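Chain naming here is simple, since letters A, B, ... match the order of the sequence lines and numbering starts at 1 in each. In what follows, every heavy atom counts, from backbone to side chain, and hydrogens, waters and symmetry copies are set aside. In this text the structure is predicted, and so the values were computed from the model without any measurement.
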2 protein chains.
Amino acid sequence: MNILAGVQLARNEPIGRELYAALRERILTGALKPGDAISEIQVADELGVSRTPVREVFRRLADEGLLRILPQVGTFISPIQLRAVYDSQFVRETLECRTVRIASERQTRQDADRLEDFLTLQTRAIRDGNLAGFFRADDDMHTYLIGMAGRPAIWSLIQGVKAQLDRVRFLSLESGEWLDRIMEQHRAIIAAVLAGDADKAEAAMRIHLQSVFQTIERLAETQKAFFEGERDLVRP
Amino acid sequence: MNILAGVQLARNEPIGRELYAALRERILTGALKPGDAISEIQVADELGVSRTPVREVFRRLADEGLLRILPQVGTFISPIQLRAVYDSQFVRETLECRTVRIASERQTRQDADRLEDFLTLQTRAIRDGNLAGFFRADDDMHTYLIGMAGRPAIWSLIQGVKAQLDRVRFLSLESGEWLDRIMEQHRAIIAAVLAGDADKAEAAMRIHLQSVFQTIERLAETQKAFFEGERDLVRP
DNA sequence: TCCAATGAACTTGCATACTAGTAAACAAGT
DNA sequence: ACTTGTTTACTAGTATGCAAGTTCATTGGA
């Protein structure tokens with residue numbers, strides 16, 4: 001079975017960059033499922049490169065908790081660890097609730113246009129059934145808000161911990177009514193930010209980022225095989 | 001000149017583990033200064049191993065922002081980027097202010113003994129002029145507080161961003177009166193936590209974690225060569 | 001004296017060969 | 001049938017060699 005169905009490297013950049021992104025996406029979207037074996041040689045052969053760059057990518061993914069490397073045994077896609085998911089949510093909520101607060105205190109006229117653009121992009125993506133596009137516009141909006149708070153670099157840190165959350169998100173293949181509810185949350189956040197109401201913005205962001213809990217509730221039952229660790233962990 | 005003055009690998013574990021810790025410590029403590037060149041071959045030869053494991057360690061340190069790898073040119077110790085330092089402080093303050101809040105709400109009887117132990121360990125280390133021991137006990141106390149909040153894993157994330165802060169801390173070689181002030185801050189935090197006063201605990205923690213700003217003030221002037229980036233960045 | 005060309009000595013990126021360890025299939029004995 | 005020992009085929013860890021690019025000192029000419 002092909003690990004990388006039809007991945008073609010452009011080879012303008014170093015190998016690792018693209019391979020990292022490609023593998024990461026396949027793990028997050030569930031194309032590579034928890035428990036699946038994935039060997040350095042296999043991937044190297046499929047790409048027509050040597051083990052060395054593949055190996056380095058594996059290491060990075062293992063550091064992020066997406067791969068599990070067992071020496072002399074093999075490398076496997078990590079199970080989704082509930083503890084790690086809850087911790088990731090905690091970190092994201094803590095950081096973004098503070099940054100959105102700052103964003104709402106610093107908001108200016110031109111921010112309004114940009115933020116509203118994100119909302120229209122998102123509704124349009126939903127209308128067209130373009131899930132990938134929606135996720136991208138979603139991330140872009142969060143990125144912009146963090147930038148407004150003057151902390152653009154923090155998004156890359158959140159990106160790191162968010163991996164665990166995204167695995168859950170993709171596993172759930174959000175249905176239509178869910179997306180509508182997310183849009184409502186987005187609108188509430190943006191409205192509060194543009195109104196300069198820090199308290200309301202923080203509250204709206206918290207509700208938004210905590211909605212992943214409901215997704216977990218539904219999933220941890222049905223997709224039990226992909227999860228690891230006890231349920232009922234630290235919940236606020 | 002020796003990069004690794006007298007580092008002896010135990011070779012019970014994989015090479016990388018120890019080498020990573022050894023290099024990281026030398027960068028943080030300033031034994032390896034910003035701008036210093038450090039090549040894969042040189043380190044490999046000094047350790048009597050091949051380039052491959054050294055290379056992987058370099059990659060991880062580069063991901064953390066401690067090394068700068070320029071292809072076909074060389075690898076260098078990163079300058080201390082003020083922007084990264086302030087961002088790290090922001091992340092740490094945001095996370096630990098929330099966790100110490102939770103810790104103070106969950107505190108129990110046996111926590112009191114442990115926390116007081118940390119304080120005595122610290123005062124003893126200061127009395128003996130044992131700086132390394134003080135830093136260790138300092139970190140241990142923060143670790144314990146985060147554990148009290150039920151989020152032990154978050155410490156490793158903070159550990160990651162803390163690297164930038166530690167570089168500043170070690171560069172300043174805190175003088176005696178500074179250490180006394182830190183101890184006062186520690187005592188204030190612990191007292192608030194044990195009293196179950198979340199607001200006071202959070203405030204004390206914020207003051208404590210913001211004290212690095214004064215250190216930066218003093219240093220960015222005198223040690224200008226080690227720093228990169230404009231002063232007067234986002235400050236609360 | 002100045003400047004440009006050149007080449008030696010570096011560097012990291014990548015490829016490949018070898019080592020050593022695990023696991024599972026299999027064979028032989030009970 | 002079951003256990004035990006052995007073989008075989010895999011894995012990642014490590015070593016090493018080559019390729020490609022940068023830096024810098026040296027050299028030759030004006």
Starting at atom [atom1] of [X], determine the distance to atom [atom2] of [N], rounded to an integer number of angstrom.
X	N	atom1	atom2	value
A:Gln42	D:dA12	CD	C1'	14 Å
B:Arg68	C:dT11	CZ	C1'	17 Å
A:Gln72	C:dG21	CD	P	7 Å
A:Leu70	D:dC10	CG	P	18 Å
A:Glu56	C:dC14	CD	C1'	9 Å
B:Ile69	C:dG13	CD1	C1'	11 Å
A:Arg59	D:dT14	CZ	C1'	12 Å
B:Ile41	C:dT11	CD1	C1'	8 Å

| query | In terms of the nearest nucleotide of DNA chain D, which residue is placed more toward the 5' end: B:Arg51 or A:Arg55? | reply | A:Arg55
| task | Check the side chains of B:Gln81 and B:Gln164 for a donor-acceptor pair under 3.5 angstrom, ignoring hydrogens and angles. | result | no
| request: Go through the side-chain N and O atoms of B:Arg98 and A:Thr94 and say whether any donor and acceptor fall under 3.5 Å apart. | output: yes
| query | Between A:Ser39 and D:dT11, does any side-chain N or O lie under 4.0 Å from OP1 or OP2? | reply |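 Yes, within the criterion.
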| message | With a 4.0 Å cutoff (strictly under), does any side-chain N or O of B:Thr75 reach OP1 or OP2 of C:dT12? | response |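 Yes, such a contact exists.
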| Looking only at atom types and distance, does a side-chain atom of B:Ser88 sit under 3.5 Å from a main-chain N or O of B:Val161, one as donor and one as acceptor? |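 Indeed, once roles are kept as given, a pair shorter than 3.5 Å links the two residues.
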| query | Taking the side chain from A:Asp139 and the backbone from A:Arg136, do they hold a donor-acceptor pair closer than 3.5 Å? | reply | no
Taking the minimum atom-to-atom distance to the side chain of [X], which one of [options] wins?
X	options	answer
B:Ser50	C:dT16, C:dT12, D:dT16	D:dT16
A:Glu40	D:dA20, C:dC14, D:dG13	D:dG13
B:Pro53	D:dT14, C:dC14, C:dT12	D:dT14
A:Val73	C:dG13, C:dA23, D:dA15	C:dA23

| task | Salt-bridge test for A:Glu64 and A:Arg24: reply yes if a basic N is under 4.0 Å from a carboxylate O, no otherwise. | result |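 The answer is yes: the pair qualifies as a salt bridge.
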